[in-house]
Amino acid sequence: MIVFTLLLVLLAVLGAPLFAIIAASAMIGFLSIEEDLINVAIEFMRMEQLQFLSAIPFFTFAGYLLSESNAPQRLVRMTQAVLGWMPGGLALVCLVTCAFFTAFTGASGVTIIALGAILYPALAQDGYPDKFNLGLVTTSGSLGLLFAPSLPLILYGVVAEVSIDDLFKAGLLPGLLMIAMLSIWCIWVSRKSRQVLTPYSTRELLAAIRESIWEIPLPFVVLGSVYSGFLAVSEAAAVTVVYVFVVEVLILREVKFTELPRIVRESMLLVGAILLILGLSLASTNYTILAGVPQTLFEMLSSVVTSQTTFLILLLLFLLALGAILDIFSAIVLVVPLLLPVAELYDVSTIHLGIIFLAAMQLGYMTPPVGLNLFIASYRFEKPIMQVYSATFPFLVILMASVILIAFWPSLSLWLVE
Amino acid sequence: MSQAKLAALFARLDNAGRIAENTLLILVLGGMVAVAFLQIILREVFSTGVIWANELVRILVLWLAIVGAVAAARDNRHIRIDLLSHLLSDKLVKGIRIVVDLFAAAVSGIVAVYLWRYIQVEVELEFTVLDGLPAFPAHVIAPIGFVLLSYRFLILAIKQLIELFGSNAAEESAT
């Protein structure tokens, strides 16, 4: 058994597709407890019973559609009109627009590609130091993870079988905390550089509003209907697709019909890859529960770890290491089912655990060696990867501090839920 | 058949496969949006609804997942721990990729066999979906998808094998 596990870990590190690793581990597991392998098929097909799963393809497609239109430019202009006059204004614009955009596109690297291309040169033009800009844009690429309707939030809700509406509420304050802490750093840095402040202009603000008039209702439609309980998450997602399609394709016509097959394919490749891993992880999770792994894990832990504080410290260390090697989607479907019962015994609520999990995994996007944002930024802005590492480092430290705050301050996550 | 003709045949096959995948993805995604959206309209405006609409959407999610996964394999976009490609030489990475892709092909093949057995059980026990329709036509996409996944990873491995060792073959097919 141990030999097989080591072999699978080796194959995973060598770059085997994760779905195959997960499927193989489930099969080896079932064989080891003398269960028929048809269990893998039964569990995979259970994917069909999961509620709200349709929200994932809907929001992903809507996000890709938005990123193909000129909505990113309009969003930047809008935010600039609101925040641009402040010290460190453009840096704040970068944080806010990226967070907003990532929430809608599901933290798949689209943000750096769609918004980074606009913001990175603009930051340089305003006189911010290059290293700072690179770090800022790289960090911002996954900033909106805790805001509705980000894919990781929905996936966590599906896997942990917890109310996605509650998760949407829970992520709000911790997400804002992250932005606030990064903003302070940005203002601090820009104090030294002599960037030109853009004076506030009501005329520019009105022009920006007029330009974005079709997109401004979107967050209210999505968030309003979910927060008020008027629509289920999957329904709000369907409304979002229809709304975005009508605005960008039919009214503004910024996305042409001939481009749609490519956009559908691009977005559904991501969905297919995530859902395949999800379906097969149902099988591997079923095995681990049959084999009593969560109990064993807890028994091992409880002899060493006696307080909630120690548990949270260990959890954070574990998640940071996990985030450095595994992408957020695989991490959710594989690790969350194992963590849930353990966390419960240490009195960490499922909602709070979700926020800690995602916040810590967000750091994984920018931790060497495999952080996705680092590579996308290195590729997109043609910078050596080592330079991206060092540019991102101060931001990483700040985010790490925010994750620690989020972990040890449960009411920050739970306040809006209760 | 000469190698040039073989290459042309594969290019045509690839193109046809791509079009088939895109068409299915558009139809399934479009269908899902339509059903989900109409259901909201029916409920909020006409205070009525179709009982099996939710189930239909969930079946379509399964189809979308499978077709999307097969398409992702064609474009080599499945999620991997991408550590080595930044550290090792191109040639070594290709060699390793052959091994891990053959592994993925084998695993997908085994999963396909058991999904097929699951379908057989469904037929035997006359499982139903959507208010009394037989379940197997809705689910048979799963074993088919895994057969295609297995095939795709086999092709990926062969392609890398050719790139690695068969530069002669590539030159011949180019002429």
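Here is how names work: the chains are called A, B, and so on, in the same order as the sequence lines, proteins then strands, and each is numbered from 1. What's counted below: heavy atoms across the whole structure, side chains too, no hydrogens, waters or symmetry copies.
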A.B. asks: Grab the two heavy atoms, one from A:A238 and one from B:V33, that are nearest each other, plus how far apart they are.
C.D. replies: O-CG1, 4.4 Å

A.B. asks: Need one label for A:F245: side chain, backbone, both or neither, based on atoms under 4.5 Å from any heavy atom in chain B.
C.D. replies: neither

A.B. asks: If you look at every heavy atom in A:L269 and B:A71, which pair is closest and at what distance?
C.D. replies: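 In this case the closest contact between A:L269 and B:A71 is CD2-C, 3.2 Å.
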
A.B. asks: Check whether the ring centres of A:F19 and B:F153 lie less than 6.0 Å apart, and answer yes or no.
C.D. replies: yes

A.B. asks: Side chain of B:R58, backbone of A:E48: donor and acceptor closer than 3.5 Å?
C.D. replies: yes

A.B. asks: Which atoms of A:I21 are under 4.5 Å from chain B, going by heavy atoms: the side chain, the backbone, both sets, or neither?
C.D. replies: both

A.B. asks: Identify the heavy atoms of A:A23 and B:V107 that sit nearest to each other, and give their distance.
C.D. replies: CB-CG1, 3.6 Å

A.B. asks: Indicate yes or no: at least one non-hydrogen side-chain atom of B:F37 is less than 4.5 angstrom from one of A:V242.
C.D. replies: yes

A.B. asks: At a heavy-atom separation under 4.5 Å, does A:D36 approach chain B through its side chain, its backbone, both, or neither?
C.D. replies: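 The side chain, not the backbone.
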
A.B. asks: Closest heavy-atom contact between B:V100 and A:P17?
C.D. replies: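 In terms of heavy atoms, the two residues are closest at O-CD, 4.2 Å.
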
A.B. asks: Report the option among B:V57, B:I59, B:V70 that has the most heavy-atom pairs separated by less than 4.5 Å from atoms of chain A.
C.D. replies: B:I59

A.B. asks: Of the backbone (N, CA, C, O) and the side chain (C-beta and beyond), which part of A:V241 lies under 4.5 Å from a heavy atom of chain B, both, or neither?
C.D. replies: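 For A:V241, the contact with chain B is made by the side chain alone.
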
A.B. asks: I'd like to know which of B:E55, B:R97, B:E44 tops the heavy-atom pair count under 4.5 Å against chain A.
C.D. replies: B:E44

A.B. asks: Check ring-ring contact (aromatic ring centres under 6.0 Å, His included) between B:F146 and all other residues, then give those that pass, not counting sequence neighbours.
C.D. replies: A:F44

